[in-house]
Every structure is written in C-alpha cells, then in structure tokens.
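Step one of this worksheet: look at the structure below.
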Amino acid sequence: MKTIAILTLAALTGVASAASIFSPGDPIAGGQLNGGTFNLGSEGTQGDTNNWPGAEPPADLINGAIGGGGEKYLNFGKTNTGIVVTPTAGGGLPSVVTSMELWVANDANERDPASYQLFGSNAAINLGADIALNDFTLISEGGLALPLDRDNANDATGFSQVVSIDNSAAYSSYMLVFPTIRNEGATNSMQLSEVQLEGTFVPEPSTTLVALLGLLPLLRRRRG
C-alpha cells in the first residue's frame with residue numbers, strides 16, 4: 001500500500017521537460033510600470049511617452065520572428081517599459097519559468113534593455129486596463145548584457161542572452177519590465193526583437209490520481 005502512495009504522489013509531481021511558455025497570439029499588453037501600476041500604452045510616436053509605432057507593437061515581442069527585419073517592440077517611454085502576457089500554451093495551465101531568452105532588435109544597441117524584472121500572477125488579469133502590481137509576485141530581477149552585435153537581415157539564430165531563473169512557483173500571467181536601457185541619454189526608446197520564457201506546465205491531477213489520493217486515509221487505517 002505504501003508503494004501505491006509513493007507512485008501516486010510521484011505522478012502528481014513528476015518533472016516535465018522544458019517547454020516554451022509564450023506563443024504568438026497570446027493575450028498581451030504593452031506599457032510602463034509607474035510605482036504600483038502598470039500603465040497601458042498605445043500606438044503613437046511621441047517622445048518620452050508610453051507609446052509605440054504601429055509597425056512595432058508589443059505583440060511583436062512574442063511573435064516568433066527572431067532577428068532583424070524590423071520585427072520588434074519599441075516603446076518611447078524608454079525606462080520601466082515592458083509587457084504583461086497571459087500564456088495560452090499548455091492549455092492555459094500555470095507554468096513554472098526557469099529561464100528566459102532575449103533577442104536584440106535590428107539596430108541601435110543603445111536602446112537595448114540593461115536590466116529586467118519578471119513578475120508572476122495567478123489573479124484574473126484584465127489586459128484592457130491599467131494593471132495593479134500588487135496582483136503580481138516578483139520572480140526574478142537583475143542586470144542584462146545583451147550582445148552588441150546585430151543583423152539587419154532576418155537571422156533565425158539572432159543575437160541573444162539567456163538568463164537562468166531560480167524559481168519553483170507556477171503562475172498563469174507574467175509581467176516583464178525593463179527598468180533601464182543601455183544608454184538612456186543617447187536614444188529615444190527601448191526596443192527588443194523577441195523574448196521567450198522556458199519552463200514547465202503544471203498538470204492538473206487526473207480523476208484516477210485524485211481517487212487514489214482519496215484512498216490514502218483508508219489505507220493508513222487498514223495498516224493501523
């Protein structure tokens with residue numbers, strides 16, 4: 001009977017292989033973190049403002065087009081800009097992120113993010129309105145050293161940096177913010193070609209496993 005319990009718990013907590021968490025078409029909002037609020041941005045080209053050109057929207061940051069060719073997210077707010085995403089991969093199951101890869105855009109390395117903050121949430125996030133930071137938990141933060149090299153043509157490998165993330169908690173939505181850029185005084189915006197989170201999705205227990213767990217108290221009494 002003890003063997004059954006061990007196998008059941010192992011099946012519930014088994015380690016899955018790493019998978020991509022973001023997918024093209026995921027619900028996404030671009031904006032800027034100001035104090036305790038992530039303010040949504042909008043299309044536009046006004047300097048020092050939380051807006052972006054129509055051809056370089058937040059959705060381009062997770063559209064799968066890695067490299068140059070103008071496929072990027074650009075925000076004229078420069079610092080503390082970023083995205084909030086509710087992933088659909090894994091059938092919308094929560095995910096445990098363990099690494100992040102960021103690809104540079106096609107030009108202007110002074111616009112590269114120089115630091116990051118990654119938050120997670122299991123609250124119901126409305127991507128159509130400003131988002132409260134207190135609905136999120138800080139997962140990881142730190143500096144970035146993105147490559148200075150870039151390719152103006154579409155490059156399937158791109159130039160990127162991989163960041164390992166020490167995390168064991170699962171979340172259903174993510175906020176990624178870039179507090180600083182490489183050279184704020186020499187540019188008018190933050191930009192990045194692509195970002196991807198890697199990790200594992202947390203499976204829901206099957207009906208059979210739930211039933212077996214329900215038998216554990218009976219098994220303990222029988223052993224007694």
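Of all the heavy atoms in Ser193 and Ala65, the pair that sits closest is OG-O, 3.5 Å. Closest non-hydrogen pair, Trp52 versus Gly41, comes out as CH2-C, 3.2 Å. Taking both residues in full, the closest heavy atoms of Ala114 and Arg182 are given as CB-N, 3.9 Å, listed atom of the first, atom of the second, then distance. In terms of heavy atoms, Pro203 sits closest to Phe201 at CD-O, 3.3 Å. Scanning all heavy atoms of the two residues, the minimum distance from Val202 to Leu93 falls at O-CD1, 3.6 Å. Between Gly120 and Tyr174, the shortest heavy-atom distance links the atoms CA-CD2, 4.3 Å.
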Result block: side-chain N/O donor-acceptor pairs under 3.5 angstrom for residues 76-85, not counting sequence neighbours:
from	atom 1	to	atom 2	distance (Å)
Lys78	NZ	Glu184	O	3.3
Lys78	NZ	Thr187	O	3.3
Thr81	OG1	Lys78	O	3.1

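When the side chains of ILVMFWY residues are joined at heavy-atom separations under 4.5 Å, either directly or via intervening members, Leu138 and Val177 end up in a single hydrophobic cluster. Linking Ile, Leu, Val, Met, Phe, Trp and Tyr residues whenever their side-chain heavy atoms come within less than 4.5 Å places Leu176 and Val97 in a single cluster. Taking hydrophobic clusters as Ile, Leu, Val, Met, Phe, Trp and Tyr residues chained together by side-chain heavy-atom distances below 4.5 Å, Ile62 shares a cluster with Met190. Leu133 and Tyr171 end up in different hydrophobic clusters when Ile, Leu, Val, Met, Phe, Trp and Tyr side chains are linked at under 4.5 Å. Transitive grouping of hydrophobic side chains (ILVMFWY, heavy atoms separated by less than 4.5 Å) brings Ile28 and Ile21 into a common cluster.
Between Leu61 and Phe22, every side-chain heavy-atom pair lies at or beyond the 4.5 Å cut-off. Here the side chains of Leu192 and Phe178 are in contact, with some heavy-atom distance below 4.5 Å. Looking at heavy atoms from C-beta onward, Thr200 lies out of side-chain contact with Thr98 at the 4.5 angstrom threshold. Counting heavy atoms from C-beta outward, Val104 and Asn109 have side chains that stay 4.5 Å or more apart. At least one side-chain heavy atom of Leu146 sits less than 4.5 Å from a side-chain heavy atom of Gln161. Looking at Glu43 and Pro53, their side chains never come closer than 4.5 Å, going by heavy atoms from C-beta outward. Contact of the Asn50 side chain with the Asn75 side chain is registered, since non-hydrogen atoms from C-beta on lie closer than 4.5 Å. Side-chain contact between Met175 and Ser121 is absent, with no heavy-atom pair separated by less than 4.5 Å.
Between the Asn51 side chain and the Thr49 main chain, a donor and an acceptor come within less than 3.5 Å of each other. In this structure a side-chain-to-backbone donor-acceptor pair under 3.5 Å is missing from Glu101 to Val163.
Rounded to the nearest 0.5 angstrom, Tyr73 OH and Gln191 CD are separated by 12.0 Å. A distance of 12.0 Å separates CD1 of Ile131 from CG of Asn134, quoted to the nearest 0.5 Å. Taken to the nearest 0.5 Å, the CD atom of Glu198 stands 5.0 Å off from the OG atom of Ser99. For the atom pair Asp130 CG and Gln32 CD, the distance stands at 11.0 Å (nearest 0.5 Å). Rounding to the nearest 0.5 Å gives a distance of 2.5 Å between OG of Ser140 and OH of Tyr116. If you take OG1 on Thr86 and CG on Leu127, they are separated by 4.5 Å, rounding to the nearest 0.5 Å.
Checking each of Asp112, Asp107, Asp60 against Lys72 for a salt bridge (charged side-chain N to carboxylate O under 4.0 Å, His left out) leaves exactly one that passes, namely Asp107.
Of the N and O atoms on the side chains of Ser23 and Thr88, not one donor lies less than 3.5 Å from an acceptor on the other residue.
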